[in-house]
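A quick write-up on the structure given underneath.
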Amino acid sequence: GNLCERSVGDSLCDSSGGGSGIGRAVCQRLAQEGASVAVVDLSIDSANDTLRRLARDAPGQDHVALAADVSRSESVRALMEQIQSRFLAPPRVAVNSAGITRDEFLLRLSEEAFDSVLNVNLKGTFLITQAVAQSIVTSGQDGGSIINMGSIVGKVGNLGQGNYAASKAGVEGLTKTAAKELAKFGICCNTILPGFIATPMTEKVPQKVLDKFAGMIPLGRLGRPEDVADVCAFLATEDSKYITGASIEVTG
Ligand code: NAD
C-alpha cells in the first residue's frame, strides 16, 4: 500500500536511541498505538529496560530489543538482518533518536570530538535512513515514515555546541533530500527539532540554568520526552500523509 493506507497499528517501528530519553518515550507511545517495536540502542541494557516497559504496557505485540552502533555500517547491516529475520518485514516507521553531545568551545574543539558527534548524529541517521528505505523498496511494498531528530540548535547554534549544531543542521538537509528522493516509494521523511527536553542527555545541566531556560520558554516549562513522542505519533500515521521534508519545532 501507499502512505495513505499506513497506520501505526500492526506496523513495525524501529527506534534508534530507544534505550533512553526521547527514544524511549517514542517506543512507548508507538507501542501504545499498536505497533510492534524494535528498540535499538548502543546499550543493550538500556534497550532491554525499554523493552520491559513495553512488555508491561503493550503486552499483545511482538517487541524486541537490539543492540547496534548506528555510526557503523556493518552494525546497521547486521541490525537490519536481525529485524528482517525476526519480523519478516521491513520497518514501516523508523525514528532516529540516537544522539550524543561532546560540548567544547570552537577554539578548543578537538577533531576527535567533532568527528564522534558527526558520526553518531549525522552519519548514523544517514545509515539507518538508507537501510530502512532500502528494505522498504526491496520488499516491493511502498510506504513508510522516517522521522529524524534534529535540534533547534541546528538552526540557531549554541555556545559550545559547534559540532552538535553542525550535525543537526546536516540531519535537516539529509532529511529534506531523502523526502524528495523517496516520495515515489510513498516514504515520508521529516525532522523534529526539539528545544530543551529534560532527559538523561540534559541532566548534567545545573538547576539554576534549567530554571533560567524554563523562564525564557513562552509555554513556561522545559519539554518532556512525551512532548516529542506525541509529534512522532502524528508523523507515524496517515494524519500526516501530506507532510514530507518538513522540520517541526517542538520548543514550547
Ligand atoms: P539520551 O542521551 O537520553 O538518549 C540517547 C540514546 O542514544 C542513548 O540511549 C544512547 O545509548 C543512544 N546512542 C548513543 N550513541 C549511539 C550509537 N552510536 N548507536 C546507537 N545508539 C546510540 O538523549 P535524548 O535527550 O533522548 O536525545 C535523543 C535525540 O534527541 C538525540 O538525537 C538528541 O540530539 C536529540 N535532541 C535532544 C534534545 C534534548 O534537549 N534532550 C534537544 C534536541 C534534540
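Whatever order the structure lists them in is the order used to number ligands and atoms, beginning at 1. Being a predicted model, the structure only gives us computed values, none of them experimental.
The distance criterion of under 3.5 Å between nitrogen or oxygen atoms is met by Leu42 with respect to ligand 1. For a threshold of 3.5 Å applied to N or O pairs, the pair formed by Ser46 and ligand 1 contains no separation below that value. Distances between N or O atoms of Ile197 and those of ligand 1 include at least one value under 3.5 Å. The shortest N or O to N or O distance between Asp41 and ligand 1 is below 3.5 Å. Considering backbone and side-chain atoms together, Thr199 places an N or O closer than 3.5 Å to an N or O of ligand 1. At least one N/O-N/O distance between Tyr164 and ligand 1 falls below 3.5 Å. Note: an N/O pair closer than 3.5 Å links Val70 and ligand 1 by distance alone.
In this structure, Ile192 is not a member of the same hydrophobic cluster as Phe196, with clusters built from ILVMFWY side-chain heavy atoms closer than 4.5 Å. Two different hydrophobic clusters hold Leu51 and Ile44 under the rule that ILVMFWY side chains link at heavy-atom gaps under 4.5 Å. Grouping the Ile, Leu, Val, Met, Phe, Trp and Tyr side chains by contacts below 4.5 angstrom, directly or via other members, places Leu235 apart from Leu193.
Those atoms of ligand 1 that come under 4.0 Å of a heavy atom in Gly99, given as number and element, are 5 (C), 7 (O), 14 (C), 31 (C), 32 (O). Near Ser151, the atoms of ligand 1 lying under 4.0 angstrom from a non-hydrogen atom of the residue are 43 (C), 44 (C). Atoms of ligand 1 found under 4.0 Å from any heavy atom of Ala68, numbered from 1 in the order shown, are 19 (N), 20 (C). Proximity to Gly21 (heavy-atom distance under 4.0 Å) selects the following atoms of ligand 1: 3 (O), 26 (O). Near Ser20, meaning under 4.0 Å from any of its heavy atoms, are these atoms of ligand 1: 1 (P), 3 (O), 4 (O), 8 (C), 9 (O), 26 (O). The ligand atoms of ligand 1 that sit less than 4.0 angstrom from a heavy atom of Gly17 are 6 (C), 7 (O), 12 (C). Near Ile22, meaning under 4.0 Å from any of its heavy atoms, are these atoms of ligand 1: 26 (O), 30 (O), 37 (C). Every atom of ligand 1 with a heavy atom of Phe196 under 4.0 Å away is listed here by number and element: 40 (O).
There is a side-chain donor-acceptor pair under 3.5 Å between Thr175 and Asn148. There is a side-chain donor-acceptor pair under 3.5 Å between Glu172 and Ser247. Counting only N and O atoms by type, the side chains of Ser71 and Asp69 include a donor and acceptor under 3.5 Å apart.
Between Arg72 and Glu74 a salt bridge is recorded (basic side-chain N to carboxylate O distance below 4.0 Å). The pair Asp227-Arg221 counts as a salt bridge, with a side-chain nitrogen and a carboxylate oxygen less than 4.0 angstrom apart. A salt bridge links Arg24 and Asp49; the closest N-O separation between the charged side-chain nitrogens and carboxylate oxygens is under 4.0 Å. Taking a cutoff of 4.0 Å between a charged side-chain nitrogen and a carboxylate oxygen, Asp62 and Arg86 qualify as a salt bridge.
Ligand 1 has no atom lying under 4.0 Å from any heavy atom of Ser16. Using a 4.0 Å heavy-atom cutoff, Gly223 is absent from the residues neighbouring ligand 1. The closest approach between any non-hydrogen atom of Lys168 and ligand 1 is below 4.0 Å. In this structure, Ser97 is part of the shell of residues with a heavy atom less than 4.0 angstrom from ligand 1. Taking a 4.0 Å cut-off on heavy atoms, Asp69 registers as neighbouring ligand 1. Using a non-hydrogen distance threshold of 4.0 Å, Ala25 does not register as a contact of ligand 1.
In this structure a side-chain-to-backbone donor-acceptor pair under 3.5 Å is missing from Ser240 to Ile243. Side-chain atoms of Asn121 come within 3.5 Å of backbone atoms of Ile100 as a donor-acceptor pair (strictly under, hydrogens ignored). Side-chain atoms of Lys168 do not come within 3.5 Å of backbone N or O of Ser151 as any donor-acceptor pair.
Contact annotation for Ala198 and ligand 1: no heavy atom of the residue comes within less than 4.0 Å of the ligand. Residue Pro194 touches ligand 1 through backbone and side chain together, judged by heavy-atom distances below 4.0 Å. Contacts with ligand 1 closer than 4.0 Å are made by side-chain heavy atoms of Thr202 only, the backbone lying farther away. Of all the heavy atoms of Ile100, the ones lying under 4.0 Å from any atom of ligand 1 belong exclusively to the side chain.
The protein atom (non-hydrogen) at minimum distance from atom 13 (N) of ligand 1 is Ala98 CB, 4.0 Å. The single protein non-hydrogen atom nearest to atom 23 (O) of ligand 1 is Met201 CB, 3.4 Å, given as residue, atom name and distance. Among protein heavy atoms, atom 38 (C) of ligand 1 sits closest to Gly195 O, 3.9 Å.
The environment of CD1 in Ile217 is crowded: more than 12 heavy-atom neighbours from other residues, nucleotides or ligands sit within 6.0 Å.
Proximity of Gln141 to Arg92: side-chain heavy atoms (C-beta onward) are separated by under 4.5 Å at one or more points.
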Evaluate the side chain to side chain contact (heavy atoms under 4.5 Å, CB included) criterion for residues Thr101 and Val117: first the C-alpha distance (whole Å), next the side-chain angles of each, then the deciding distance (0.1 Å), finally the verdict.
CA-CA 6 Å; Thr101 54; Val117 168; 5.7 Å; no
